[in-house]
Amino acid sequence: MSAEKNTDDASAKPLDFIREIVAQDLKSGKHDGRVQTRFPPEPNGYLHIGHAKSICLNFGIAKEFGGRCNLRFDDTNPTKEETEYVDSIKEDVRWLGFEWDEEHYASDYFEQLYEWAEALIQKGLAYVDSGSLDEIRAQRGTVNEPGTPSPYRERSVEENLDLFRRMRAGEFPNGAHVLRAKIDMAAGNMNLRDPIMYRILHTPHHRTADKWCIYPIYDWAHGQSDSIEKITHSICTLEFEIHRPLYEWYIEHLDIFPSKQYEFARLNLTYMVMSKRKLLELVQAKLVEGWDDPRMPTIAGIRRRGYTPESLRKFCHTIGVTKYPGTTDISVLENSLRDDLNRRAERRMAVLDPVKVVITNYPEGASEELEAVNHPQDESFGTRTIPFGREIYIEREDFMEDPPKKFFRLSPGKEVRMRYAYFIKCEDVIKNEQGEVTEIHCTYDPETKGGNAPDGRKVKATLHWVPVAEAVDAEVRLYDHLFEVENPNDVPEGGDFKDHLNPNSLQVIKHAKLEPLLSSAQEGDRFQFERMGYFCCDRTSTAERPVFNRAVTLRDTWAKAKKQ
RNA sequence: AGCCCGGUGGUGUAACGGUAGCACAACGGAUUUUGAUUCCGUCAGUUUGGGUUCAAAUCCCGGCCGGGCUACCA
């Protein structure tokens, strides 16, 4: 079943500061008008919505300016990286709607990087340091005090070369030596205090297996990888800003293609954590179902939740790109989904918390098929029929025996409309011993079939319903924010971000009642359950027992009014 | 603390020396067979103090506030 229509739109907007730079470079003829970007994830976790921002930026720029964008895995640390992550990253990028021009791995450049390292040694710009981790750390100084030179800093080119080659050959254990760039131990920028280029790591790599036992550090690998791929605009997040002088130092002293680095503010969302480390922690502690738990900000989670790629791209477009490290309200994200799904999702009826209504003047054993439109604003979605009979379910919260003034749903003596069906009037309420309503007895007006009264009388409310006889029993999962405070990272002394986890972030409804057509829903199908929200068919769903995730609620001014 | 970066309504952004605009949120109203959608309206902002200028959100200097940096992670 096709539950959606494509409504991707890219409205024009003023250029952000990075696109402005690209436009200027293009205008000035830099790089012969070539634009080359790259998205460089480390395969040590799943991509999250912050990465989506970067993906939209990098791939978006390439697309808009007639350039190219590579996917490059920054896989220089074999202790953390796995093929599982490589696969998920590729899947997520594609799902978001982008295709890379070339696929690369920093590990493909290990040999070139090694040669360049020897070249730097030859120039006297790199040396092997045989100090311990602690010694090197101590020598680095602090932000206030300059560092002190390592006793190994003045080794001869020959000795450095010999040691470095033996490092590669595997003659030394982990930590015995490192290769360092010889820059400036007194630099105000700590990154320039003889940064480490290589460490010894006797760990097999997910791609190069046991070919290497020395691995390059990020700074030594990233800029050169950019340069090798002739990246014109190397876009990264703000925390790398302070690395830029080093990025440029390596490129300058190697005299290779001058890629330029530009930094933007990473995405922060209210009620969410975005660090890979913290997300990994949630997964490993089993505080969520996994990387694709629909409450997670991972692309896999967001996808399972029911977000569309279009809504995510629209969101990234909406939030813009700046250097101001602000926090975006989660409602902006939710709104971009509502906006998209409102136009694309077919409407269905589903009762989440059912209570039975018996229509006492409807003939016993009778039933009929009623026609319903699939989208109230778009006829092209067509219509469907829903069986109607003497017994139907309505939402428990749509009935109140003793309602307040502003409540205009069903209550004793009141008449409301059953959507696409009839006006019904509440005549009696049946309760059990605990005083819970078990049945509501109503009468219907046969003249109001389809939902309009020939005499022109009006009702204040229209309720959704599902026929008891044909209802499909289903599991429905309602999600709320994973954290109960706006900024879960803000924890008191000795506290932990996990202390802010929302205990009610998942509510499982075991026996929701769906209209019959919904039994044929496939994984990923999205619908609006009228008056309840947007729902997406989960991957655990079966024809016998459908499972739906609530992607986002509808805007609900009544719920808001109730609170006051 | 030192260095680097940043600061425009509640939030995210635009204005590139010349009318502070947009979106989300909030609030009010109209329409409505979803208390949805749609439409209309309201509230609300240049961190602060100096300087340059006919004119400053924009340029300069100082303060204040926020973020980043002190990994053999990326």
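Everything numeric in this text was worked out from a predicted model, so none of it was measured.
A:Ile217 comes within 4.0 angstrom of the backbone, heavy atoms only, and of no base. Residue contacts shown for A:Gln528 include a base, since a base heavy atom lies under 4.0 Å away. Within the 4.0 angstrom heavy-atom criterion, base atoms lie near A:Asn452. A:Thr79 comes within contact range of no nucleotide atom at all, as no heavy-atom separation falls under 4.0 Å. Within the nucleic acid shown, A:Thr322 comes within 4.0 Å of sugar-phosphate atoms alone, with no base atom in reach, counting heavy atoms only. A:Thr270 comes within contact range of no nucleotide atom at all, as no heavy-atom separation falls under 4.0 Å. A:Pro40 comes within 4.0 angstrom of nothing in the nucleic acid, heavy atoms only. Within the nucleic acid shown, A:Gly175 comes within 4.0 Å of at least one base atom, counting heavy atoms only. Heavy atoms of A:Phe408 sit under 4.0 angstrom from at least one base atom.
The gap from the C1' atom of B:rC54 to that of B:rG17 amounts to 11 Å, rounded to the nearest Å.
Phosphate contact (OP1/OP2 of B:rA25, side-chain N/O of A:Ser331, threshold under 4.0 Å): absent. OP1 or OP2 of B:rA74 sits under 4.0 Å from a side-chain N or O of A:Thr76. The phosphate of B:rA26 has OP1 or OP2 within less than 4.0 Å of a side-chain N or O from A:Lys560. Remark: A:Arg180 is not in phosphate contact with B:rC72, judged by side-chain N or O atoms under 4.0 Å from OP1 or OP2. OP1 or OP2 of B:rC73 sits under 4.0 Å from a side-chain N or O of A:Arg199.
Taking only distance into account, the side chain of A:Gln377 meets the base of B:rA36 through a donor-acceptor pair shorter than 3.5 Å. Residue A:Arg347 places a side-chain atom within donor-acceptor reach of the base of B:rU34, judged by atom type and a 3.5 Å distance cut-off alone. Scanning atom types as modelled, no donor and acceptor separated by under 3.5 angstrom connect the side chain of A:Glu239 and the base of B:rC69.
Considering only the side chain of A:Leu554, B:rU34 comes nearest among B:rA74, B:rU34, B:rC24. In this structure, the nucleotide among B:rU38, B:rC72, B:rA14 sitting nearest to the side chain of A:Ile136 is B:rC72. The side chain of A:Asn144 approaches B:rA1 more closely than any other nucleotide in the set B:rA1, B:rG35, B:rA74. Of all nucleotides listed (B:rA23, B:rA74, B:rA1), B:rA23 comes nearest to the side chain of A:Thr318. Among the nucleotides B:rC5, B:rA74, B:rC69, the one closest to any side-chain atom of A:Ile242 is B:rC69. The side chain of A:Arg137 lies closest to B:rA71 when the candidates are B:rC16, B:rU34, B:rA71. When the nucleotides B:rC24, B:rA74, B:rG12 are ranked by their closest atom to the side chain of A:Tyr324, B:rG12 comes out on top. Side-chain atoms of A:His243 lie closest to B:rA74 of the nucleotides B:rU38, B:rA71, B:rA74. Comparing B:rA14, B:rC72, B:rA36 by their closest approach to the side chain of A:Arg140 singles out B:rC72.
Checked against a 6.0 Å centroid threshold, the rings of A:Phe388 and A:Trp465 count as neighbours.
For the pair A:Trp558 and B:rG35, the ring geometry qualifies as stacking, because the centroid separation is below 5.5 Å while the planes lie within an angle under 30°.
Position along RNA chain B of the nearest nucleotide to A:Ile200 versus A:Val143 favours A:Val143 as the more 5'-ward residue.
Across all strands shown, B:rC65 is found opposite B:rG6 as a Watson-Crick or G-U wobble partner, with both distances under 3.5 Å.
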